[in-house]
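The analysis underlying the following values was restricted to heavy atoms, covering all of them including side chains, and did not include hydrogens, waters or symmetry mates.
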Amino acid sequence: MSNLIDTRTPLETTHLPAQFVGREAEQDALNDAFSVEDESCLPNFHVYGPRGTGKTHLLQRFLTTFPPTFTTCYISGIHQDTQYKALERLYQLLTGTKLGTGHHIADIQRKVEEQVTLPTVIVVDEVDFLLLDDGDDLLYFLTRLENTAVITVSANQPTIKDEMDDRTYSSFQPQHLTLNRYTPNAARQILADRARKALQPESLQRDALTYITTTTQNISIGLTWLREAVETAEEQINTELVQEVEVAAYHKYVRMLLNRFTTHHRRLYNTIARLEQERDAPLTTGTVYREYSGRCESAGVAPLSERRISDFLTHLELLDLIEASYHYGGPMGKTREIQLVDWNSHGSEETE
DNA sequence: CGTCCACCGGAAAATAGGGAGG
DNA sequence: CCTCCCTATTTTCCGGTGGACG
């Protein structure tokens, strides 16, 4: 640990600074939409923005702006990836008591409905992971509650209409809010702001920070990178050092994302990363699975089935860790062509 | 025109566990 | 404790896809 640090907290991804730089317009949009006199017709929202654009931050902050005459709930589709888990968590947030597994969905829905007495705002973050399962039923239930606003959040779907049943969407009818990727300049301001609060003065060179934010505008990656640099630095953080820790920093970011999943997810990701280094030929699902399977064997672990791994690949795709182009037949058969996301060219090239 | 590639992805079943009521 | 219902996680099964190539 170096002596550059005053306090580490502002560099943590989960830290909510006193001021929220760069998303004033979006905050205003939410505030305006929710400043209605009639609390029984709160608006629904779907918020879209790539990873590291401040969605979670924006909404967690937004939830704190409500007076005690409101109930606010935050759930994440990564941890609550089924209707049951989401409802159980909701009940726990509302009452403070855990239900455990084994109950009927309908019972929990009724219990939750009974608890929703105040006007309520529910944020469903990472909604894509819920929609892979029975998230549609959950959203149908939530959007039909009285006095309740539902805000879905996605890093993958600009609009959510195609992902849900017609009946769910017609009951949801969200307004849309999009968070565009930060410009390198905006990203630099945000990171500089955090660094100023966390570090000794003059310990971070301007060029070093610029290098980070021209490489990635994902604030989450940027903060991880900065932390990595701080931990490695002897006296000062310069561009050379930042470049040195570039790969390690991204690995930490990946590990942070995948910590919320299983060891098989992590093994799968590592398998793909290794295969991509070793081979030139495009990777398809079968190749990846066979290699993953072999790695399990040599680690003395039973490999999961190909069907299951197919789902896990979709998870990695939703996390923006891999890219897959789908072949639904043709000379290659029905398969996916898989590659790692080229994270350090985000922003420099933008394909339309 | 038929066949083949190779696995997508829906559906059902297997397995392991919990809660409530008799 | 038994039964019957539930959930969670995973496996098994398999119809279907569309361009190339004979």
Side-chain angles (χ1 to χ4, degrees), chain A residues 75-93 95-115 124 126-142 156-157 162-166 168 258-269 271-272 275-276 279 281-297 299-319 321-339:
Chain A
I75 59 184
S76 163
I78 287 181
H79 296 108
Q80 286 81 44
D81 63 347
T82 62
Q83 175 176 210
Y84 189 97
K85 287 181 192 164
L87 288 169
E88 192 202 5
R89 156 102 182 161
L90 219 45
Y91 187 80
Q92 194 186 346
L93 288 172
T95 66
T97 55
K98 268 195 134 136
L99 284 172
T101 178
H103 299 275
H104 299 201
I105 288 271
D107 283 353
I108 304 189
Q109 286 184 339
R110 191 174 32 73
K111 282 177 195 282
V112 167
E113 197 168 356
E114 281 167 6
Q115 294 301 322
V124 184
E126 302 282 5
V127 68
D128 312 68
F129 291 90
L130 262 161
L131 288 173
L132 292 178
D133 206 306
D134 54 0
D136 193 78
D137 295 332
L138 171 75
L139 293 174
Y140 185 69
F141 167 73
L142 291 181
N156 304 282
Q157 301 296 341
D162 299 337
E163 317 305 313
M164 18 170 76
D165 274 9
D166 291 344
T168 307
L258 290 182
N259 265 341
R260 300 184 265 180
F261 292 82
T262 69
T263 57
H264 290 283
H265 286 90
R266 292 187 279 279
R267 198 190 306 276
L268 184 60
Y269 177 84
T271 302
I272 297 169
L275 279 176
E276 196 171 81
R279 304 197 186 191
L283 295 177
T284 58
T285 307
T287 320
V288 170
Y289 180 72
R290 282 184 291 278
E291 179 67 19
Y292 152 84
S293 210
R295 286 181 149 223
C296 283
E297 302 288 350
V301 180
L304 296 178
S305 69
E306 186 161 7
R307 181 67 187 83
R308 190 86 183 111
I309 290 304
S310 168
D311 283 344
F312 285 14
L313 283 172
T314 306
H315 295 159
L316 296 185
E317 204 184 334
L318 288 176
L319 289 172
L321 293 180
I322 66 171
E323 278 167 337
S325 56
Y326 288 70
H327 300 263
Y328 292 98
M332 299 182 69
K334 197 177 195 177
T335 186
R336 264 179 280 194
E337 223 175 302
I338 297 159
Q339 59 184 125

> In whole Å, what is the span from the CG atom of L132(A) to the P atom of dG10(B)?
Replying inline: 10 Å
> Taking the side chain of K334(A) as heavy atoms from C-beta outward, which of dT7(C), dT17(C), dT11(C) is closest to it?
Replying inline: dT17(C)
>> Rounded to whole Å, please give me the gap between CD in E306(A) and C1' in dC14(C).
In response: 14 Å
> What does G286(A) touch in the nucleic acid at a heavy-atom separation under 4.0 angstrom: a base, only the sugar-phosphate, or nothing?
Replying inline: sugar-phosphate
> Phosphate oxygens OP1/OP2 of dT11(C): is one of them under 4.0 Å from a side-chain N or O of R307(A)?
Replying inline: no
> Looking only at side chains, do T82(A) and D133(A) share a donor and an acceptor under 3.5 Å apart?
Replying inline: no
> Ring centres of Y292(A) and Y269(A) under 6.0 Å apart?
Replying inline: no
>> Side chain of S310(A) only, heavy atoms from C-beta on: which candidate in dC8(B), dC7(B), dG9(B) is closest?
In response: dC8(B)
> Looking just at side-chain N and O atoms, do Q80(A) and E88(A) make a donor-acceptor pair shorter than 3.5 Å?
Replying inline: no
> Rounded to the Å, how far apart are R308(A) CZ and dA11(B) C1'?
Replying inline: 15 Å
>> Heavy atoms from C-beta onward define the side chain here; which of dG19(B), dT10(C), dA11(B) lies closest to that of H103(A)?
In response: dG19(B)
>> For G330(A) and R336(A), find the nucleotide of DNA chain B closest to each by heavy atoms; which residue's nucleotide sits nearer the 5' end?
In response: G330(A)
> Tell me: CD1 of I309(A) to P of dC8(B), nearest whole Å?
Replying inline: 11 Å
>> Please find the pair of heavy atoms, one from T314(A) and one from R336(A), that lie closest to each other, and give the distance.
In response: OG1-NH1, 3.2 Å
> Closer than 4.0 Å, any side-chain N/O of T101(A) to the OP1 or OP2 of dG19(B)?
Replying inline: no
> Out of dG19(B), dT12(C), dC5(C), which has the shortest distance to the side chain of S305(A)?
Replying inline: dT12(C)
>> Base, sugar-phosphate or nothing for Y289(A)? Non-hydrogen atoms, less than 4.0 Å.
In response: nothing
> Expressed in angstrom and rounded to an integer, what is the separation of L99(A) atom CG from dT7(C) atom P?
Replying inline: 13 Å
> For dG19(C), does either OP1 or OP2 sit under 4.0 Å from a side-chain N or O belonging to Y328(A)?
Replying inline: no
>> From the set dG19(C), dC8(B), dT7(C), return the single nucleotide nearest to any side-chain atom of P331(A).
In response: dG19(C)
>> Taking D311(A) first and then R307(A), would you say they form a salt bridge - that is, a charged N and a carboxylate O separated by under 4.0 Å?
In response: yes
>> Of the options dA11(B), dC7(B), dT7(C), whose atoms approach the side-chain atoms of I105(A) most closely?
In response: dT7(C)
>> Looking only at the side chain of Y84(A) (C-beta and beyond, no hydrogens), which of the listed nucleotides dT10(C), dT7(C), dG9(B) gets closest?
In response: dT7(C)
